[in-house]
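Note: hydrogens, waters and symmetry copies are ignored here, and every other heavy atom, side chains too, is used. In each ligand, atom 1 is the first atom listed, and ligand 1 is the first ligand listed.
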Amino acid sequence: MKKHNYSAGPCILPQEVFEKSSQAILDFNNSGLSILEISHRSKDFVAVMDEARSLALELLGLEGKGYQALFLAGGASLEFLMVPYNLMKVNGKAAYLDSGTWASAAIKEAKFFGETVVVASSKDQNYNNVPKGYSIPADADYFHCTSNNTIFGTQMKEIPTTNIPVVCDMSSDIFSRQLDFTKFDIIYAGAQKNMGPAGTTLVVVKEEILGKNGREIPSILDYAKHIKAESMYNTPAVFPVYASLLTLQWLKNLGGIAAVEKLNNAKANLLYTEIDRNPLFKGAAAVEDRSVMNATFLLNNPEHATVFDAMWKEAGISGLPGHRSVGGYRASMYNAMPIESVQVLVDVMQALEKAV
Ligand SMILES: *Cc1c(COP(=O)(O)O)cnc(C)c1O
């Protein structure tokens, strides 16, 4: 039986993506070849890469606005250093919002390239909220933020306005909600949270911000080289890019980001309403910053954990335990999760209330 998969990443993808991508492993486009064995330079795969790149921009509303989409390797973690390599001037400085573990990992890498100014941090509160009311230095080379803090279950509801380039790690909420994406100069996201299997990273770059920092950049780390090579500077992750394309096509057929955002809000509402109503549970994150993608919550009485854990496992739920730095539970409700799965979890929470 198919599980209700609440894993934070790698995570649930649309069932049709599993089906179509497994078919392509056996025979890709009736070519008599598997997607796993074709050349990345073949006409069929070049078409996949081109469509994935243009569909990513189309869904974000960034087509024809000076942006390029790339599918790179190395995960979101490699972008932690590619961003400063490409944008920070020699002896320059960059501004960072420290809103979680991933944000602080990005700061650590940027320190190799120059000064980092942390505009605000919620570390002292174990990152249970997104800092607000900070100011961004106008002389920094860029401002970096994390739109959704996967581990802590918080999400930026407002993106600050500034005159310096804005870089955003959207690994865990890309394509999940409408934003004015033109506010960003670089958006990056590891595929494995909302777009595809692990192994590729979507990077969306506003071309005009490149080539200005006066550094020599090794080719493989140079966004401009990847753009020139149309995301084929070296062998791309052929299968993850193909599966990502299938997910993007699924999203477009669903009605794009506007349509999925409504579904995501309905799922999050359903679960948070139960967390707030049920006397056995409490939310882990500040209410105003609650993530629509990753809901973190705790049992008021940890002694109920044994019974609760047995009950949700019995109901076919997988991947619910929280990250070790928060404890409790984390329900990751990415785009592909049906609301029926959220109802199963809510039913288990209500059954626990009756049982104890
Ligand atoms: C998972 C995650 C990362 C790390 O992604 P990798 O692709 O494993 O390097 C970075 N940032 C955020 C917000 C994440 O959720």
Under a 3.5 Å threshold, I'd like every N/O contact between ligand 1 and protein atoms, with atom names and distance.
unit_1	atom_1	unit_2	atom_2	d
ligand 1	7 (O)	A76	N	3.0
ligand 1	7 (O)	Q192	NE2	2.9
ligand 1	8 (O)	Q192	NE2	3.4
ligand 1	9 (O)	A76	N	3.2
ligand 1	9 (O)	S77	N	2.8
ligand 1	9 (O)	S77	OG	2.6
ligand 1	11 (N)	D169	OD2	2.6
ligand 1	15 (O)	T150	OG1	2.5
ligand 1	15 (O)	K193	NZ	2.6

Between G316 and M1, the two heavy atoms sitting closest are CA-CE, 4.2 Å
Would you mind checking if K313 and D309 are paired as a salt bridge, meaning a charged N to carboxylate O distance below 4.0 Å?
no
Pairs under 3.5 angstrom only: tabulate donor-acceptor contacts from the side chains of residues 156-167 to other protein residues two or more places apart or in another chain.
unit_1	atom_1	unit_2	atom_2	d
K157	NZ	Q155	OE1	3.3
K157	NZ	R290	O	2.6
T161	OG1	K183	NZ	3.3
T162	OG1	I164	N	3.1

Distance-only check: which donor-acceptor pairs under 3.5 Å involve side-chain atoms of residues 57-67, not counting sequence neighbours?
unit_1	atom_1	unit_2	atom_2	d
E58	OE2	K252	NZ	3.1
K65	NZ	G61	O	3.1
Y67	OH	T182	O	3.3
Y67	OH	F184	O	2.6

With a cutoff of under 4.5 Å between side-chain heavy atoms, which Ile, Leu, Val, Met, Phe, Trp and Tyr residues group with F18?
L13
Can you confirm if the NZ or CZ of K3 lies within 45° of the ring axis of W312 and under 6.0 Å from the centre of its six-membered ring?
no
